[in-house]
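First the structure, in the form of structure tokens, and then the observations on it.
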Amino acid sequence: MSVVADTVGVMRIATWNVNSIRARVDRVTSWLERNDVDVLAMQETKCKDAQFPHLPFEAIGYEVAHTGLSQWNGVAVVSRVGIEDVETAFEAQPGWGEQLATEARALGATCGGVRVWSLYVPNGRTIVDPHYAYKLEWLAALRASAASWIASGTPTMLLGDWNIAPLDEDVWDREFFEGSTHVTAPEREALAAIEATGFTELTRSYTPGEYTYWDYTQLRFPKRQGMRIDLALGSPEVTARVTGARIDREERKGKGASDHAPVVVELADPA
DNA sequence: ATGCCGCTATCGTAGCGA
């Protein structure tokens with residue numbers, strides 16, 4: 001329940017697709033305080049920079065870095081352990097649309113000595129939609145950056161809504177998703193290629209069988225029909241420090257919930 | 001087994017993205 005930063009060696013870093021920060025700012029700030037989280041990477045803020053509610057975060061001791069260009073996408077990092085060297089895209093991040101504009105889907109910031117990337121991977125829509133090819137292109141470009149981040153030796157975390165269910169067990173019914181995005185071999189291989197640069201997924205081993213997302217429709221949440229698509233990847237320097245991880249399913253309940261649950265990773269201080 | 005979204009454009013409801 002403490003809102004005071006821990007004095008002994010632990011840092012909590014979380015990722016959460018909030019599905020509009022303006023619709024949910026009270027829920028998000030309340031959750032940060034109750035869970036003693038130091039850094040939160042958010043996706044789908046669904047607002048422009050000027051519309052982002054900075055004050056409620058600053059009032060409880062967090063600095064904000066956000067990029068949002070329209071009512072779509074939008075990613076942020078909020079931190080109470082500092083925010084430095086903010087980037088609002090990764091190197092060679094592909095664009096979308098007739099004008100091929102870079103979308104607000106990636107934000108990097110250094111918080112408490114960790115390079116944190118908040119990532120909102122394109123959904124893909126359907127496998128015959130141009131958005132699916134864009135998704136794969138986006139992931140391939142991210143892989144190139146991931147390799148450079150590994151080579152740098154900087155403690156790095158890739159946090160976000162990946163819109164990929166890595167294993168069949170990460171969807172409530174594999175047959176239901178046959179022929180759909182999120183479960184195809186090219187998507188899973190694109191994620192595996194990023195991991196192959198040297199990143200490790202940090203949450204699965206602590207949250208076996210759990211989901212991070214449940215569609216609002218069809219009573220998917222009470223029926224426990226979800227997906228694991230929100231993931232946290234760590235470079236070796238981060239992976240060595242992980243002491244636990246948690247998916248806060250409780251936060252998916254009730255009026256005004258996002259369709260995604262927050263995912264928390266706990267790190268010990270560097271050795 | 002905690003029970004059907006949020007945005008914009010426009011002012012009740014359609015279109016879009018997820």
Side-chain angles (χ1 to χ4, degrees), chain A residues 15-31 34 41-53 56 66-76 94-106 118-139 160-165 170-173 176-184 187 191 209-231 246-263:
Chain A
T15 183
W16 193 2
N17 180 322
V18 296
N19 186 22
S20 170
I21 190 57
R22 288 177 292 171
R24 239 169 300 288
V25 60
D26 291 346
R27 245 184 124 122
V28 173
T29 51
S30 167
W31 181 84
R34 284 182 283 115
M42 285 179 268
Q43 301 84 39
E44 280 210 271
T45 58
K46 289 189 170 178
C47 67
K48 300 177 185 179
D49 289 340
Q51 299 172 307
F52 190 96
H66 174 258
T67 180
L69 305 170
S70 69
Q71 69 269 45
W72 309 124
N73 314 308
V75 286
W96 172 252
E98 292 187 15
Q99 308 293 323
L100 280 186
T102 303
E103 297 186 302
R105 292 182 177 275
S118 179
L119 303 171
Y120 181 44
V121 176
N123 174 285
R125 303 181 187 174
T126 69
I127 58 174
V128 296
D129 193 294
H131 208 261
Y132 178 71
Y134 170 53
K135 180 181 196 173
L136 295 177
E137 180 191 8
W138 203 93
L139 289 163
D161 177 357
W162 293 75
N163 274 314
I164 299 170
D170 297 327
V171 295
W172 59 273
D173 181 351
F176 180 88
F177 289 93
E178 190 61 43
S180 300
T181 61
H182 294 61
V183 299
T184 68
E187 291 165 280
L191 173 62
E210 296 185 37
Y211 300 137
T212 66
Y213 162 84
W214 300 259
D215 196 300
Y216 282 126
T217 67
Q218 306 293 129
L219 297 174
R220 294 290 185 223
F221 182 61
K223 291 196 278 195
R224 298 182 175 270
Q225 297 176 339
M227 307 171 77
R228 183 198 295 271
I229 56 176
D230 300 275
L231 307 171
R246 188 167 70 87
I247 298 168
D248 192 354
R249 188 179 181 282
E250 289 296 307
E251 191 57 32
R252 178 62 179 77
K253 296 179 180 179
K255 186 173 176 63
S258 169
D259 43 3
H260 294 251
V263 178

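Proteins get letters first, then strands, A, B, ... in listed order; numbering begins at 1 in each. Predicted, not measured: the structure shown is a model, and the values here were computed from it.
Base contact: T217(A) has a heavy atom under 4.0 Å from a base atom. Using a 4.0 Å heavy-atom cutoff across all strands shown, K46(A) reaches at least one base atom of the nucleic acid. At a threshold of 4.0 angstrom between heavy atoms, the contacts of N123(A) are confined to the sugar-phosphate backbone, with no base atom among them.
Going from atom CD of E251(A) over to atom C1' of dT2(B) covers 13 Å, rounded to whole Å. If you take OH of Y216(A) and P of dC5(B), they are 8 Å apart, rounded to a whole angstrom.
Taking every side-chain heavy atom of Y120(A) into account, dA18(B) is the closest of dA18(B), dG3(B), dC7(B). The listed nucleotides are dA1(B), dG6(B), dT8(B); the one nearest the side chain of S20(A) is dG6(B).
For the P atoms, the distance linking dT8(B) with dA18(B) amounts to 15 Å, nearest Å. dC7(B) and dC11(B): their C1' atoms are spaced 16 Å apart (whole Å).
Side-chain nitrogen and oxygen atoms of R125(A) include none within less than 4.0 Å of the OP1 or OP2 phosphate oxygen of dC16(B). The shortest distance between the side-chain N/O atoms of R24(A) and the OP1/OP2 oxygens of dC5(B) is not below 4.0 Å. For the pair R22(A) and dT8(B), the criterion of a side-chain N or O lying under 4.0 Å from OP1 or OP2 is met.
H260(A) and Y213(A) have tilted rings, their planes meeting at an angle from 30° to 60° on a 0 to 90° scale.
Qualifying side chain to side chain contact (heavy atoms under 4.5 Å, CB included) partners for R224(A), counting only residues two or more places apart in sequence or in other chains: R249(A).
At a threshold of 4.0 Å, the pair E250(A)-R34(A) does not count as salt-bridged, since none of the basic side-chain nitrogens sits closer than that to a carboxylate oxygen.
Residues W16(A) and E251(A) meet the side-chain proximity criterion, which asks for heavy atoms closer than 4.5 Å.
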